[in-house]
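Each remark here refers to the structure printed beneath this line.
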Amino acid sequence: MGEKLLEVFDLRTRIGRGPRAVRPVDGVSFHIRRGETFALLGESGCGKSMTALSLLRLLPPAGRIAGGRVELDGENLLALTERGMRSVRGNRIAMIFQEPMTSLNPVMTIGSQIGEVLELHKGLRGDALREKTVELLDAVGIPDAARRHGEYPHQLSGGMKQRVMIAIALAGEPDLLIADEPTTALDVTIQAQVLDLLRDLQKRYGMAVLLITHDLGVVAQMADRVAVMYAGQIVEQAPARRFFDTPQHPYSRRLFQALPDSSKRDRPLTVIPGSVPPLDRDFTGCRFAERCDRAWLHCRTQAPGWFDTGADAGVLCHLFDPGLVPETAPEATQEAGAASPEAPAESGSQPLLVVDGLQVHFPIQRGLFKRTVGHVKAVDGVSLDIPTRRTVALVGESGCGKTTVGKGILQLIRPTGGSVRFDGDELTRLRGERLRKRRADFQIIFQDPFSSMNPRMQVGDIIEEGMVAQRIGGDRAQRRARVEALLQQVGLRPEHAGRYPHEFSGGQRQRICIARTLAVNPKLIVCDEPTSALDVSVQAQILNLLKDLQASLGLAYLFITHDISVVAYLADRVAVMYLGRIVEEGSVDEVLEDARHPYTQALLSAVPDIEPDSGRAIIRLQGDMPSPANPPAGCHFHPRCPKARDECRRAYPPETALSPTHKARCFLLP
Amino acid sequence: MRAWLLTRLLSAAWVVLGVASLVFLLIHLVPGDPVEMMLGESAAAADRQALRETLGLERPLLAQWLGFLGGALRGDLGQSLYNQQPVTALLLEHLPATVELAAAALLVTLLVALPLGVLAALRRGSGWDTGAMGFSLLGVSIPNFWLGPLLVLLFSLWLGWLPVSGRDGIASVILPALTLGTGLAAVLSRMVRSSLLEVLGEDFIRTARAKGLAPLTVTLRHGLGNALLPVLTLLGLQLGALLGGAVVTETVFNWPGIGLLTIEAIQRRDYPVVQGCVLLIALGYVAVNLLTDLLYARADPRVRLGGGA
């Protein structure tokens, strides 16, 4: 291991002034060696981004560093003048951010945005500047760099923009690269490309990387050492291998247990109760005590100290204090009991929903007279069955049309073609009042619970509105009673009915949205990425709730997601979409364990696994998904397919049945 | 880009046609008999008949309309009833004064609004901000017919530095330009401030700071470039209003521009001249808006190159 590049001692950051100042970073110490990758892992609001911004002294206006030292090669950065600090930023420490879409200046060419770093820190001008810029674009894998040099950010895809951000960071040839959730906004196949790139560049340039993420899988693929942050403190630090083998801190262990996967299918996920405490107050005991299953009195009255548990490893927890013998510290027994009652198989029953050849096309209009010059074929011939009491997952990357399928089924967008039969009724032919009445049977939960509720309505009114619209639930008193019952059913309290959406946390808001759909007694709920805006521990709570409701109310779910681990945990059947069509469909075991379509295989292999060095071959896809306005001829996937043959370029492959329940569309299949 | 330009030009042409038709109808929309309105009730019947024929009011409406449009295309807008000069000549005579005043006022607006707005945004919440926005509030709320005489009182009568009114050399344009510019600058500086504040909160500003750029470079190169996009739209509307003749200001300073001509023509019931003025003002608006669109496309690649997220 190399020498220490960066050392952070007891870093403290405040936002705001006075006794109510928020302390997102409260006594953080760690070090990073030359050339290594150090991961800072934590859920949202734990202070990991604020730690990174503190290192560069780029805090928001109300923030200030209240104490500690940050030493880069022995030099205290916190003692530098602002001018001195500017020669560190972008030069010795560079940073890339979570949102490549908004992190680039929209009115400057990407070339000039990279060039200004070279100009500032390397003193390059003219031809040399241009040459070096093109070289950097080349290095981050942007094809046709000489031409792309003059393009603007909006002309690039998300993955390409993040590559440009990396090129900007590389321009100063930094010793340390801070990557703040670098792939969170990207699709999984693109994420795999960008992580690969980061690893390559790190080797080539010998940079150290501070990787900030909430994703255990990304940490497993990238990190040499890991630190877990909770409520403004580092609660555990360890070499990556050791961390994944034997996480020590109760919080770390719970994080692993809350991850959904197929092995946990028949029992509820372990959840971490409650939520992260607000950081604007003093803590007397351990910050995690309230949510910890192994806490005892001592934990609530006295803050734990740091205990080394090995080379480069340590934990902030009383359980590891050799001077203390825990009164009762029973190992958390797996709550294997209360396994959700297996839904009775309804053999031979009619499927609740039958979608056949669904098409949703959007016209592209151009020119003075808004002539239709083509169609975006967002959904182009999707067929799908959903039985009662079952969960069908629709999986795909952004832009593949999965959300449009959901809206097309619900008739929120009128399909261009195909049929949607729900419980015997053809929905595409229902109009007006009859369709409106029928809507009670099929409801939707959205990805962002906050923006899908009217902020000026009370929670009770939001839940009641559907009953009023459908004229069900009796008189007002009866409806209010039902609202209270629903709130309890989703794990909230009846008195919450009088509050407004902004008073709740993200997980609680999603519970409210679920209560709102349940109010009208639906048979089918379309869940459109319902947990992708939530942290792992909260996601587990919502997934458990959805599973419970399915068992008790006999609901069918169409679960739209890009998250394979959620699919593995929750779904009965899986359909994989690519560019408006389903390329493979089968039972969850068939698709996840024995994927036959090259796209499904690539998608599954790109999901970062939490087993480090699992030795899995990862299939790397080149490029981005093409535009659905102009899909490639033949099989839509052939330009990116590692196994494409001649016939793939000529025609779209027919459906091949691999088993009575498993089918795929690929010429390579028998 | 060319298709886009063509679309804009065509829609501008539609607007001009619509305005020209409305202007033509102006004479017919006057309540009662237009000829009587123009000549007064005591006019002789022969005079009325003569005017009716001069204006072509005897012909069918459609023929009159086509005649008016045809004339307008050739630059013939009829003759003034007051002094028998061709309307086009009158307009051309007054146009330079208005363009001069508009340009000067625009200069004042930009020189005041940009620094003031940027300063207020950068020193948000400080005395600078409060002061700048206080000035802005004052500028919006003081009407030109009061600010104009106030400036005259101060600079012309007490200090004797500048002429009271009329158009005579460069010195005479200063007071009317200040009067017009203050009100516009007040609105614009607020826009600059809020737009810049919004942009400075964007992610790419953080990126620029993380590159190690100096604060001034960050603000000017990354901030202002984006913040001026909405400002440009407002500026276009304001310039249109300026070209349309600042009627009040021109009257206060007896500035011989289109605004003054319009007022005089209305007072004299000189309908052909009124028609010409309105048409010119509308043309000014259309031209400036077209220019704004072009500038906007120049400044924002997302418009110029189409598509985008």
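Below, each value reflects all heavy atoms present in this structure, side chains not excepted, and no hydrogens, waters or symmetry copies. Residue numbers begin at 1 in each chain, while the letters A, B, ... track the order of the sequences. In this text, all values refer to a predicted model and were calculated from it rather than measured experimentally.
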Check your understanding: Which region of B:Arg221, side chain (C-beta onward) or backbone (N, CA, C, O), has a non-hydrogen atom less than 4.5 Å from a non-hydrogen atom of chain A, or is it both or neither?
Key -> both
Point to revise | Those residues of residues 207-220 of chain B, ordered by number, that approach chain A below 4.5 Å (heavy atom to heavy atom) | key: B:Thr207, B:Arg209, B:Ala210, B:Lys211, B:Gly212, B:Leu213, B:Ala214, B:Pro215
Check your understanding: Does a sphere of radius 6.0 Å around CZ in B:Arg123 hold more than 12 heavy atoms from other residues, nucleotides or ligands, not counting ones at 6.0 Å or beyond?
Key -> no
[X], part contacting chain B, at a heavy-atom distance under 4.5 Å:
X        : result
A:Gln113 : both
A:Leu104 : backbone
A:Leu59  : backbone
A:Val107 : both
A:Met101 : neither

Practice item. Name, in order of residue number, those residues of residues 172-186 of chain A that have a heavy atom at a distance of less than 4.5 Å from a heavy atom in chain B; otherwise write 'none'. Key: none
Review point. How close do A:Pro106 and B:Pro301 get, heavy atom to heavy atom, and via which atoms?
Key: O-CG, 3.3 Å
If you tally heavy-atom pairs under 4.5 Å against chain B, which of [options] wins?
options                     : result
A:Met95, A:Glu116, A:His121 : A:Glu116
A:Leu53, A:Leu120, A:Leu156 : A:Leu120
A:Val88, A:Leu58, A:Ile93   : A:Leu58

Point to revise | Option that, when pairs with chain A are counted at under 4.5 Å, heavy atom only, ranks first among B:Arg124, B:Arg206, B:Arg8 | key: B:Arg206
